[in-house]
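Start at 1 and go down the list; that is how both ligands and their atoms are numbered. Atom set for the values below is all heavy atoms of this structure, side chains included, hydrogens, waters and symmetry mates excluded. Each residue takes its place number in the sequence, starting with 1.
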Amino acid sequence: MFGTTVKEPALTREELLTWLREEDPARLSQLWQWADRVRQEFVGGEVHLRGLIEISNHCVRLCAYCGLRAPNTELVRYRMSGDEILACARQAAALGYGTVVLQAGEDPGLTRDFVREIVRRIKETTGLAITLSLGERDEEELWAWRQAGADRYLLRFETSQAELYQRYHPPKPGSTVDRLYLLKRLREMGYEVGSGVMIGLPGQTYAGLANDLWLFRELDLDMIGVGPFIVHPRTPLADPAFARILPDGEQVPASELMTYKVIALSRILCPRANIPSTTALATLNRKNGRELGLVRGANVVMPNLTPPQYRIRYEIYPNKACLRETPDECHACLQMRVESLGRVVGRGPGTSPNYRYRMAKD
Ligand code: SAM
Ligand code: SF4
């Protein structure tokens, strides 16, 4: 299994499954070292900081896992104004970030023209790279935003287990478009493309998760975001009668350890991708979850720039890490954490080496 060189990482599906089930600390330590070596070789020692702006918590969808789902009437909804979003982007630039990520529920109130205008204004005033994560939008909108200057799009496919996906992510009425199709279209439009999954969704099998990892490689993703599933009490998945938890030994745990395994295996399979150490991981281990993600394959962190009065309402799941810190505090904390690992904060847009590689090939 270690016979491959760092330049040509190779794992079979069977090996993926073996690693996902591995519990021996000595073997796991070899996996962490392997992923860290590949990370150093292909994307280097820089850790890129992406300023996250959660621009709206309105959502029309019914995702069974997410607290922003439309039927959650207890959630107080907000949508940031263009000026508020621009102020956050300026703050990102002032803190030295090269990128902002505009994320939201699937919100038709974020119209094509509103988003196009905000992309244009951010580009014009800050020059930052812009990542959008606004759900399943019309191709015409995605193209308009790309033309206005949006650089990247994040859309997790959540799970490759079709029956789980359909149960937990019901389609929009009248729509047959799926996320895999949109990922293909985003790539054709010239976006840097990011996707990923939740780890430990009820009903997720080891074979299913190995298949997810395999799909990351087949999709040739530029960015890969993975994080543990965390139950939100006001969602269908909080109801054991709805959630399809498998018997012991078959159900993938939504654990910190499993998240590190998936980060490490993603790095080995997709060596040039940008991979964040996510907030969901930091939520499971506030003390050093982010750092452990960074030494087991990740090379990105996402400080939150959302104004605090909105941040607490972007409640995908409860007790999220870093809910109350100001952007300055978030920045100082993350910088200190990165430097404590002997790594450096990246400068500039931090374009995915995978994107640069495939652009050079095409
Ligand atoms: N609405 C957009 C979308 O669905 O792509 C972007 C925002 S959505 C909140 C971002 C991601 O949050 C989803 O892709 C999903 O993987 C993750 N998420 C939602 N509910 C979660 C939960 N309960 N635990 C962990 N992650 C969750
Ligand atoms: Fe809406 Fe995204 Fe949450 Fe689904 S995951 S309910 S689309 S915000």
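When the options His48, Arg267, Glu46, Gln40 are evaluated for a side-chain hydrogen bond (donor to acceptor under 3.5 Å, both in side chains) with Asn299, the one that passes is Arg267. Considering Thr351, Leu186, Leu132 as possible partners of Arg152, the one that fulfils the side chain to side chain contact (heavy atoms under 4.5 Å, CB included) test is Thr351.
The contact set between ligand 1 and Pro228, taken as ligand atoms under 4.0 Å from a residue heavy atom, comprises 24 (N), 25 (C). Remark: ligand 1 atoms within the under-4.0 Å shell around heavy atoms of Arg179 are 3 (C), 4 (O), 5 (O). Close approach to Tyr65 involves these atoms of ligand 2, each under 4.0 Å from a residue heavy atom: 5 (S). Proximity to Ser133 (heavy-atom distance under 4.0 Å) selects the following atoms of ligand 1: 6 (C). Listed by atom number, the atoms of ligand 1 under 4.0 Å from Tyr314 heavy atoms are 7 (C), 9 (C).
Checked by distance only, ligand 1 and Ile230 come closer than 3.5 Å through their nitrogen or oxygen atoms. When only interatomic distances are considered, the shortest N/O to N/O separation between His232 and ligand 1 does not fall below 3.5 Å. An N or O contact shorter than 3.5 Å is missing between Gly135 and ligand 1 by distance. By the 3.5 Å distance cut-off applied to N or O atoms, Tyr65 is counted among the residues near ligand 1. Residue Tyr317 places no N or O, backbone or side chain, under 3.5 Å from any N or O of ligand 1.
The aromatic rings of His169 and Tyr65 sit parallel to each other, their planes meeting at less than 30°, with 60° as the upper class boundary.
Checking atom 6 (C) of ligand 1 against the protein gives a heavy-atom contact under 4.0 Å. Within a 4.0 Å radius of atom 20 (N) of ligand 1, the protein contributes one or more non-hydrogen atoms. The presence of a protein heavy atom under 4.0 Å from atom 5 (S) of ligand 2 is confirmed.
Formation of a donor-acceptor pair under 3.5 Å by the Glu84 side chain with backbone atoms of Ser81 is found in this model. A donor-acceptor contact shorter than 3.5 Å is absent between the side chain of Arg272 and the backbone of Arg356. When atom types are taken as modelled, the side chain of Asn285 and the backbone of Asn288 share a donor-acceptor pair closer than 3.5 angstrom.
Counting only distances under 2.8 Å, and ignoring water, the protein N, O or S atoms around atom 1 (Fe) of ligand 2 are Cys59 SG.
Comparing Glu136, Arg69, Lys320, Gln103 by heavy-atom distance to atom 10 (C) of ligand 1, the nearest is Gln103. The option from Leu155, Ile316, Thr278, Thr283 that lies nearest to atom 18 (N) of ligand 1, judged by heavy atoms, is Ile316.
Judged by distance alone, the side chains of Tyr260 and Glu256 do bring a donor and an acceptor atom under 3.5 Å apart. Side-chain contact annotation: Tyr168 with Gln161, donor-acceptor N/O pair under 3.5 Å absent. Asn274 and Asp222 form no side-chain donor-acceptor contact under 3.5 Å, judged by distance and modelled atom types alone. When only modelled atom types and interatomic distance are considered, Asn57 and Arg79 share no side-chain donor-acceptor pair under 3.5 Å.
Contacts of Glu158 with ligand 1, taken as heavy-atom pairs under 4.0 Å, involve the side chain alone. Neither the backbone nor the side chain of Ala280 has any atom closer than 4.0 Å to an atom of ligand 1 (non-hydrogen atoms only).
Taking the ring axis of Tyr78 as reference, the NZ or CZ atom of Arg313 does not stay both within 45° of it and closer than 6.0 Å to the ring centre. Cation-pi contact between Arg50 and Tyr97: absent, since separation from the ring centre below 6.0 Å together with deviation from the ring axis within 45° is not met. Cation-pi contact between Arg116 and Trp145: absent, since separation from the ring centre below 6.0 Å together with deviation from the ring axis within 45° is not met. With Phe242 as the aromatic partner, Arg167 meets the cation-pi criteria of under 6.0 angstrom to the ring centre and within 45 degrees of the ring axis.
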Self-check item: Pair Val43-Asn354, side chain to side chain contact (heavy atoms under 4.5 Å, CB included): steps then yes or no
Solution: CA-CA 9 Å; Val43 300; Asn354 196 67; over 6 Å; no
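At the top of the distance list for atom 27 (C) of ligand 1, counting protein heavy atoms only, stands Met198 SD, 3.5 Å. Residue, atom and distance of the protein heavy atom nearest to atom 17 (C) of ligand 1 are Arg156 NH1, 3.9 Å. When hydrogens are left out, the protein atom nearest atom 2 (C) of ligand 1 is Ala104 O, 3.4 Å; that is the closest non-hydrogen contact.
Under the 4.0 angstrom criterion for non-hydrogen atoms, Gly105 is in contact with ligand 1.
No salt bridge links Arg343 with Glu339; every basic N to acidic carboxylate O contact stays at or beyond 4.0 Å.
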